[in-house]
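Here is the structure we will look at.
First listed ligand is number 1; within each ligand, the first listed atom is number 1. All values derive from a computational prediction rather than experimental measurement. Just so you know, residue 1 is the first one in the sequence shown, and it goes up from there.
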Amino acid sequence: MDHVDTVIIGAGVVGLSLAARLSQTRPVLVIDQMGQFGEHTSSRNSEVIHAGLYYDAHSLKARLCVRGKALLYEHCERFHVPAKRLGKILFARTAAEQDKLAAIEAQAKRNGVHDLTPLSQAQIAEMAPGLRASAALFSPSTGIVDSHQLMLSLVHQLEHAGGNLVCHTRFDSAQPTANGFNVTLDCDGEDFMLSCNTLINAGGLFAQDNAKRIHGLAANHIPQSHLCRGQYFCYQGSHPFHHLIYPMPEQHGLGIHATLDMAGQLRFGPDTQFIDKLDYQLDAQAKARFVAAIQSYWPALDPERLQPDYAGIRPKLYLDQGQDFVIEGHQHHGINGLINLFGIESPGLTASLAIAEYVEAQLKR
Ligand SMILES: Cc1cc2nc3c(=O)[nH]c(=O)nc-3n(C[C@H](O)[C@H](O)[C@H](O)COP(=O)(O)OP(=O)(O)OC[C@H]3O[C@@H](n4cnc5c(N)ncnc54)[C@H](O)[C@@H]3O)c2cc1C
């Protein structure tokens with residue numbers, strides 16, 4: 001049987017960040033069931049480098065987002081990955097929203113983000129012409145990144161270190177052994193077995209299914225999985241915005257906000273919609289809701305120029321409450337050499353390099 005030190009299930013941005021980092025010190029194989037890396041959530045998101053404003057202090061999301069943001073800007077500079085610190089305007093419209101804005105400012109400080117600045121009405125009018133807001137904060141460290149180029153740079157780092165990415169290869173099951181695992185893979189319809197010392201499940205939306213096929217892993221270490229779709233509409237033609245524009249966050253998402261891509265095109269989304277099965281189709285009814293939500297803060301929106309774009313799916317762990325990332329090693333579930341990552345929704349892209357650093361430290365314990 002072939003042997004490799006570390007097998008990583010999933011070539012999304014998280015699996016690839018882990019692969020790029022761990023391959024500097026050990027042989028690594030990353031597998032993905034798809035024909036290419038990053039075909040699921042990592043290529044179906046807003047591509048925003050989040051500042052780390054909203055998450056509960058000391059949560060993994062808060063810590064890994066703030067650390068990940070710094071690592072990501074550094075990485076993009078070093079490996080020439082397109083990224084821009086566009087900054088973000090977070091705005092309130094009502095008195096109740098102004099209280100929320102103040103709470104977010106306080107939360108950001110607790111998370112170590114000290115660069116938020118309040119904007120006057122004149123500044124709002126100059127920086128976001130036509131935006132209807134009674135108060136706003138500017139976050140200068142929020143930015144955007146080209147997620148495809150980021151993943152490509154991670155694949156290059158992995159391969160440069162001698163590691164491998166193999167696509168069209170599905171993780172089937174794993175059996176713990178004295179020194180690690182015997183792993184069964186499905187390579188384009190053919191079963192293939194190999195052994196490894198360390199197995200990392202970075203399967204995103206499929207992480208729970210994968211975990212159920214790791215023998216000996218207790219069911220109470222496999223959280224529930226709920227799919228929450230987020231749809232985007234792009235805005236064709238010119239627009240007045242140079243910064244990202246965010247309303248107050250909602251229960252399961254950040255509200256229908258405006259982001260820009262590397263070429264400066266404006267897009268709106270994502271909304272939130274729990275679904276029963278993996279389905280990236282856009283919901284035709286969504287446009288009216290998008291128009292109403294956007295016009296409530298940008299009345300000048302021309303609905304004719306708003307066109308369906310794409311959808312991504314958040315791997316939620318709960319239907320009715322906020323959640324943190326769940327990253328479990330042997331100290332949690334008792335199986336040496338196994339790391340499971342669950343619920344890696346936003347800000348997982350921003351946090352990806354910090355998640356890799358965190359997992360490497362867990363493996364050393
Ligand atoms: C709508 C939306 C907007 C978002 N916006 C942002 C944002 O602006 N900024 C931000 O920081 N984060 C954002 N996120 C979060 C971010 O996109 C994710 O946290 C991140 O992409 C997760 O990466 P991943 O590698 O864990 O998952 P994925 O990209 O889904 O990768 C998992 C991979 O594992 C593979 N896989 C699974 N099981 C198997 C198996 N058995 N065998 C082989 N391969 C397998 C899959 O094929 C897949 O390629 C957003 C998410 C969504 C849904």
TODO: Output the list of atoms in ligand 1 that are nearer than 4.0 Å to some heavy atom of His50, sorted by atom number.
DONE: 7 (C), 8 (O), 9 (N), 10 (C), 11 (O)
- [ ] Check whether the side chains of Tyr297 and His257 place a donor and an acceptor atom closer than 3.5 Å, and report yes or no.
- [x] no
Task: Aromatic plane relationship, Phe233 with Phe290 - under 30° parallel, 30 to 60° tilted, over 60° perpendicular - done: tilted
Task: Shortest non-hydrogen contact from Asp283 toward Arg289 - done: OD2-NH2, 3.5 Å
Task: Structural part of Ala202 in contact with ligand 1, heavy atom criterion under 4.0 angstrom - done: backbone
TODO: Pull out every atom of ligand 1 sitting under 4.0 Å from any heavy atom of Thr169, numbered as shown with elements.
DONE: 42 (N), 43 (C)
Open item on the list: Can you check which of Leu349, Val13, Asp32, Asn45 brings a heavy atom nearest to atom 50 (C) of ligand 1?
Closed with: Asn45
TODO: Please assess Tyr310 against Tyr232 for the test ring pair (Phe, Tyr, Trp, His ring centres under 6.0 Å), listing each intermediate value before the final yes or no.
DONE: CA-CA 5 Å; Tyr310 63 94; Tyr232 293 88; 4.5 Å; yes
Task: The one among Ser147, Ser346, Ala351 that brings a heavy atom closest to atom 14 (N) of ligand 1 - done: Ser346
Task: From Gly12, Ala11, Gly15, Gly203 - option closest to atom 31 (O) of ligand 1 by heavy atom - done: Gly12
- [ ] Find all atoms of ligand 1 within a distance of less than 4.0 Å from any non-hydrogen atom belonging to Arg314, and give their numbers and elements.
- [x] 53 (C)
- [ ] Apply the side-chain contact (heavy atoms from CB on, under 4.5 Å) test between Val13 and each candidate in Leu18, Leu150, Leu353, Ile344; give the one that qualifies.
- [x] Leu150
TODO: Do me a favour and list the nearest non-hydrogen protein atom to atom 21 (O) of ligand 1 with residue, atom name and distance?
DONE: Ser42 OG, 2.9 Å
Open item on the list: With ring pair (Phe, Tyr, Trp, His ring centres under 6.0 Å) as the criterion, how do Phe79 and His156 come out once you've worked through the C-alpha distance, each side chain's angles and the decisive distance to 0.1 Å?
Closed with: CA-CA 10 Å; Phe79 293 98; His156 287 158; 9.3 Å; no
TODO: Indicate yes or no: at least one non-hydrogen side-chain atom of Gln157 is less than 4.5 angstrom from one of Ser23.
DONE: no
Task: Single hit among Asp191, Asp186, Asp188 for salt bridge (Lys or Arg N to Asp or Glu O under 4.0 Å) with Arg170 - done: Asp186
Task: Shortest reach to atom 2 (C) of ligand 1 by a heavy atom, considering only Tyr232, Phe206, Phe37, Tyr310 - done: Tyr232
- [ ] Among all protein heavy atoms, pick the one closest to atom 36 (N) of ligand 1 and tell me residue, atom and distance.
- [x] Gln33 NE2, 3.7 Å
Task: Pick from Lys316, Arg44, Glu345: the one approaching atom 52 (C) of ligand 1 most closely through a non-hydrogen atom - done: Arg44
Task: For Asp115 against Val113, the heavy-atom pair lying closest together - done: OD1-CG1, 3.3 Å
TODO: Quick one: look at Ile313 and ligand 1, take heavy-atom pairs under 4.0 Å, and tell me if it's side chain, backbone, both or neither.
DONE: backbone
- [ ] Within a distance under 4.0 Å of any heavy atom of Met34, pick out the atoms of ligand 1 and give their elements.
- [x] 47 (O)
Task: Shortest protein contact, atom 9 (N) of ligand 1 (heavy atom only) - done: Val48 O, 2.8 Å
